[in-house]
Amino acid sequence: MTQFQRKRQKEVLKRFTDRYSMAASSALDAVEEEAIGAVVGANGYTTVAQADQLLEVLDLKPATWLLDIGAGRGWPGLYLSERSGCRAVVTDVPRPAIVTAQSRALDLALHHRCHVALASGSALPFGRASFDAIVHTDTL
Ligand SMILES: C[S@@+](CC[C@H](N)C(=O)[O-])C[C@H]1O[C@@H](n2cnc3c(N)ncnc32)[C@H](O)[C@@H]1O
């Protein structure tokens with residue numbers, strides 16, 4: 001990795017860490033509801049209708065393992081697991097995002113099949129063929 005890429009990566013991490021450290025509020029929830037279609041912990045532009053399209057094409061089942069890269073607070077990985085019954089691992093780099101994703105999994109009673117990992121998409125700590133499906137929304 002070049003010095004420029006390292007600097008850029010640090011800036012991105014700080015920006016998203018600041019974003020995910022913001023306290024929840026009814027105003028933010030109202031914006032998310034209006035823009036995304038529900039309050040699901042989103043931090044991008046992927047709507048509930050688009051996540052439902054992912055459900056259609058991925059054919060997720062309870063035995064399926066899904067990886068969500070750059071999931072932030074767990075969107076859409078947790079939702080896809082909730083709707084399909086699949087197992088999921090949601091990953092991201094900022095710690096506050098992953099802490100919130102974990103507590104959302106607990107609140108949604110998904111913790112027995114959804115797991116979180118603090119990991120960059122460029123250095124995933126998983127073996128080959130660990131997953132049946134991979135999603136990323138607004139991560140690139
Ligand atoms: C616009 S947000 C989208 C978050 C979530 N997927 C959503 O749709 O609400 C982009 C996400 O990409 C993550 N990200 C940035 N660089 C990453 C990397 N190298 N590996 C994994 N995630 C990364 C950010 O931390 C951020 O959570």
Side-chain angles (χ1 to χ4, degrees):
M1 190 185 288
T2 65
Q3 198 176 354
F4 173 78
Q5 286 170 322
R6 261 197 300 277
K7 186 168 176 264
R8 173 91 187 106
Q9 203 170 58
K10 254 177 117 171
E11 286 166 4
V12 169
L13 179 59
K14 180 176 177 347
R15 177 153 49 89
F16 281 110
T17 300
D18 290 349
R19 172 78 179 103
Y20 291 122
S21 300
M22 283 173 70
S25 74
S26 54
L28 286 175
D29 285 357
V31 170
E32 189 180 341
E33 173 99 48
E34 179 71 22
I36 304 295
V39 180
V40 287
N43 183 38
Y45 304 100
T46 303
T47 63
V48 172
Q50 289 169 330
D52 288 338
Q53 286 180 337
L54 288 174
L55 273 176
E56 273 176 42
V57 297
L58 290 177
D59 192 27
L60 302 169
K61 297 185 169 63
T64 308
W65 275 99
L66 169 73
L67 173 66
D68 186 352
I69 299 173
R73 294 176 285 227
W75 175 252
L78 297 181
Y79 174 79
L80 297 175
S81 170
E82 189 179 25
R83 293 292 309 278
S84 69
C86 78
R87 300 168 189 278
V89 178
V90 302
T91 68
D92 209 315
V93 186
R95 186 173 295 274
I98 284 303
V99 167
T100 305
Q102 189 163 32
S103 95
R104 292 192 67 246
L106 200 60
D107 290 348
L108 295 164
L110 294 172
H111 52 289
H112 55 286
R113 63 173 190 265
C114 291
H115 309 277
V116 302
L118 198 61
S120 168
S122 61
L124 291 169
F126 310 112
R128 279 178 189 276
S130 298
F131 296 93
D132 304 290
I134 299 176
V135 293
H136 60 84
T137 59
D138 302 321
T139 298
L140 291 181

* To do: Look at the side chain of Asp68 and the backbone N and O of Gly77, then say whether any donor-acceptor pair between them is shorter than 3.5 Å.
  => yes
* Taking C-beta and beyond as the side chain, do Val12 and Gln9 meet within less than 4.5 Å on heavy atoms? -> no
* Asked: Does the side chain of Tyr79 come within less than 4.5 Å of Val48's, by heavy atoms?
  -> yes
* Under a 4.5 Å cut-off applied to non-hydrogen side-chain atoms, are Ser84 and Leu55 in contact? -> yes
* Hydrophobic cluster identity match, Trp65 and Ile69, side-chain contacts under 4.5 Å -> yes
* Considering residues, nucleotides and ligands other than Gln102, do more than 12 of their heavy atoms fall under 6.0 Å from its CD? -> no
* Check: Asp92 side chain, Gly72 main-chain N or O, donor-acceptor pair, under 3.5 Å -> yes
* Would you say the side-chain atoms of Arg113 pair up with the backbone N or O of Ala88, donor to acceptor, closer than 3.5 Å? -> no
* Structure fact -> When every non-hydrogen atom of Val40 is compared with those of Glu32, the smallest separation belongs to N-OE2, 2.7 Å
* Sub-4.5 Å side-chain heavy-atom contact between Arg104 and Thr100 -> yes
* To the nearest 0.5 Å, what is the distance between CG (Leu60) and CG (Leu54)? -> 8.5 Å
* Can you tell me if CD on Gln5 sees more than 12 non-hydrogen neighbours from other groups inside 6.0 Å? -> yes
* **Electrostatic pair Glu11-Lys7, nearest N-O below 4.0 angstrom** => yes
* Report whether Leu110 and Ile98 are members of the same hydrophobic cluster (ILVMFWY, side-chain heavy atoms less than 4.5 Å apart, transitive linking). => yes
* **Worked check of salt bridge (charged side-chain N to carboxylate O under 4.0 Å, His left out) between Lys61 and Asp132** => CA-CA 10 Å; Lys61 297 185 169 63; Asp132 304 290; over 6 Å; no
* Asked: Is Thr91 reaching over with its side chain to a backbone N or O of Val116, donor-acceptor style, under 3.5 angstrom?
  -> no
* Kindly indicate whether the side chain of Arg95, heavy atoms from C-beta on, has any atom under 4.5 Å from the side chain of Thr17. => no
* Asked: Is there side-chain contact between Ile36 and Trp75, with heavy atoms separated by less than 4.5 Å?
  -> yes
* **Gap separating the NE2 atom of His115 from the OG atom of Ser81, nearest 0.5 angstrom** => 9.0 Å
* Nearest heavy atoms of Pro76 and Thr137, plus distance in Å -> CD-OG1, 3.4 Å
* **Heavy-atom closest contact (Tyr45 atom, Gln50 atom, distance)** => O-OE1, 3.5 Å
* Asked: From Gln53 CD over to Thr46 OG1, what is the distance, rounded to the nearest 0.5 angstrom?
  -> 10.5 Å
* **For the student: nearest non-hydrogen atoms of Thr139 and Gly70, plus distance** => OG1-O, 3.4 Å
* Would you check if the side chain of Arg6 reaches a backbone N or O of Met1 as a donor-acceptor pair within less than 3.5 Å? => yes
* Nearest heavy atoms of Val90 and Ala71, plus distance in Å -> CB-CB, 3.7 Å
* Answer yes or no: is there a side-chain heavy-atom contact under 4.5 Å between Phe126 and Leu67? => yes
* Which residue, Val89, Leu66, Leu124, forms the side chain to side chain contact (heavy atoms under 4.5 Å, CB included) with Phe131? -> Val89
